[in-house]
Amino acid sequence: MRVLVTGGAGYVGSHMVETLLAASHDVVVLDDLSTGHRDAVSPKARFVEGDVGATADVAALLRDERIDAICHFAAKIRVEESVSAPRLYWQGNLVRSLALLEAVLASPTPPAFVFSSTAAVYGTPDEVPIDEDHPKRPESPYGESKLAVERALESYGRAYGLRWSALRYFNAAGANAEAGLGERHEPETHLIPIVLDVAAGTRPSLSIYGTSWPTPDGTCVRDYVHVSDLCEAHLAALRHLVTGGASAAFNLGTGRGRSVREVIDAVKRVTGRDVPVLEAPPRAGDPAELVAKVERAEKVLGWRARRTELDTVVRDAWAWKVRAKQG
Ligand code: UDP
């Protein structure tokens with residue numbers, strides 16, 4: 001396949017480029033480098049610096065490169081920022097995705113479309129694990145913008161025959177240190193990289209956002225899924241679509257929940273370092289527990305996460321950090 005990866009200079013996107021190349025596909029990356037890193041893109045991929053929302057340019061790219069499928073990662077991803085600066089999310093995530101889809105639909109043979117969605121489409125769940133049919137009640141413009149794109153995909157599929165998958169990531173984590181890839185967000189807001197910074201001594205302590213949640217140890221529970229597993233799921237979704245599989249949304253998680261304290265313990269075990277913590281008030285908008293029900297992806301895509309031990313996720317993220325520091 002010839003695959004266009006938008007946001008291929010970002011965290012999950014750059015790992016996906018590596019996965020596609022390893023599976024002998026041709027890759028074109030489209031990224032505006034607003035948050036991504038040029039050096040995260042494999043030299044074996046063609047790199048185009050540009051805006052996914054520039055419909056005419058993207059239409060030309062799809063035609064000239066004879067693109068068979070698109071993995072659309074390019075997006076804004078910070079829940080809190082989406083509350084204070086929602087325009088960035090409605091414009092950056094919804095309007096730009098719709099503009100990209102205009103280019104897709106203008107193509108004589110529209111490429112299959114795999115969309116990076118999120119567990120944030122569900123909001124606070126009625127129950128865990130969460131299945132794909134759970135009511136969608138996003139609690140931030142970030143989640144709203146992702147859900148709106150999903151709704152567009154559904155209706156474009158029905159009306160125009162667009163082939164699509166929406167992959168709802170739970171907590172993406174881990175790294176592919178051998179390929180020189182890892183998580184580099186600025187500022188970093190995600191738990192595992194922050195705890196690793198504390199272990200490395202580049203941050204003084206970790207603030208635990210809430211210690212009296214209705215969970216076994218009082219801290220929030222999340223489903224941490226290895227980025228390499230996410231990439232394998234995208235590959236499975238692409239295969240599914242190009243072989244005539246039905247368009248649908250899928251949860252991508254491990255099906256297992258881990259508390260903030262369990263993550264801290266894993267970091268201590270893996271790094272052999274201490275992690276000083278402060279107990280802080282809950283962060284606005286955090287649900288107590290988010291865990292995926294993963295049966296649909298297993299049944300339909302034949303995919304399940306393989307790197308399900310928290311220590312594996314943490315070890316890989318740590319290996320990347322150590323390697324990046326050695327530079
Ligand atoms: N968290 C924390 N301290 C931090 C960052 C995160 O206690 O400095 C908690 C957060 O409240 C959530 C979990 O760690 O329960 C995972 O947060 P993250 O931002 O990584 O992902 P989210 O689940 O918000 O998408």
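Remember, it's a predicted structure, so these values are computed and weren't measured experimentally. Order of listing sets the numbers, starting from 1, for every ligand and every atom in it.
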Can a cation-pi geometry be assigned to Arg168 and Phe250, taking NZ or CZ under 6.0 Å from the six-membered ring centre and within 45° of the ring axis? no
Tabulate distances under 3.5 Å between N/O atoms of ligand 1 and N/O atoms of the protein, writing both atom names on each line.
residue, atom, partner, partner atom, Å
ligand 1, 3 (N), Ser207, O, 2.7
ligand 1, 7 (O), Ser207, O, 3.4
ligand 1, 7 (O), Tyr209, N, 3.0
ligand 1, 11 (O), Asp286, OD2, 2.5
ligand 1, 17 (O), Arg283, NH2, 3.4
ligand 1, 19 (O), Thr189, O, 3.2
ligand 1, 19 (O), Arg283, NH2, 2.9
ligand 1, 20 (O), Leu191, N, 2.8
ligand 1, 21 (O), Asn171, ND2, 3.0
ligand 1, 23 (O), Asn171, ND2, 2.9
ligand 1, 23 (O), Arg222, NE, 2.7
ligand 1, 24 (O), Arg283, NH2, 2.8

Got Arg184 and Asp39 here, is their nearest side-chain heavy-atom distance under 4.5 Å? yes
Could you tell me how the ring of Tyr89 sits relative to the ring of Tyr142: parallel (under 30°), tilted (30 to 60°) or perpendicular (over 60°)? perpendicular
Donor on one side chain, acceptor on other, Tyr169 and Ser116, under 3.5 Å: yes
Just wondering, do Ser165 and Leu241 contact through their side chains at under 4.5 Å, heavy atoms? yes
Looking only at side chains, do Glu188 and His190 share a donor and an acceptor under 3.5 Å apart? yes
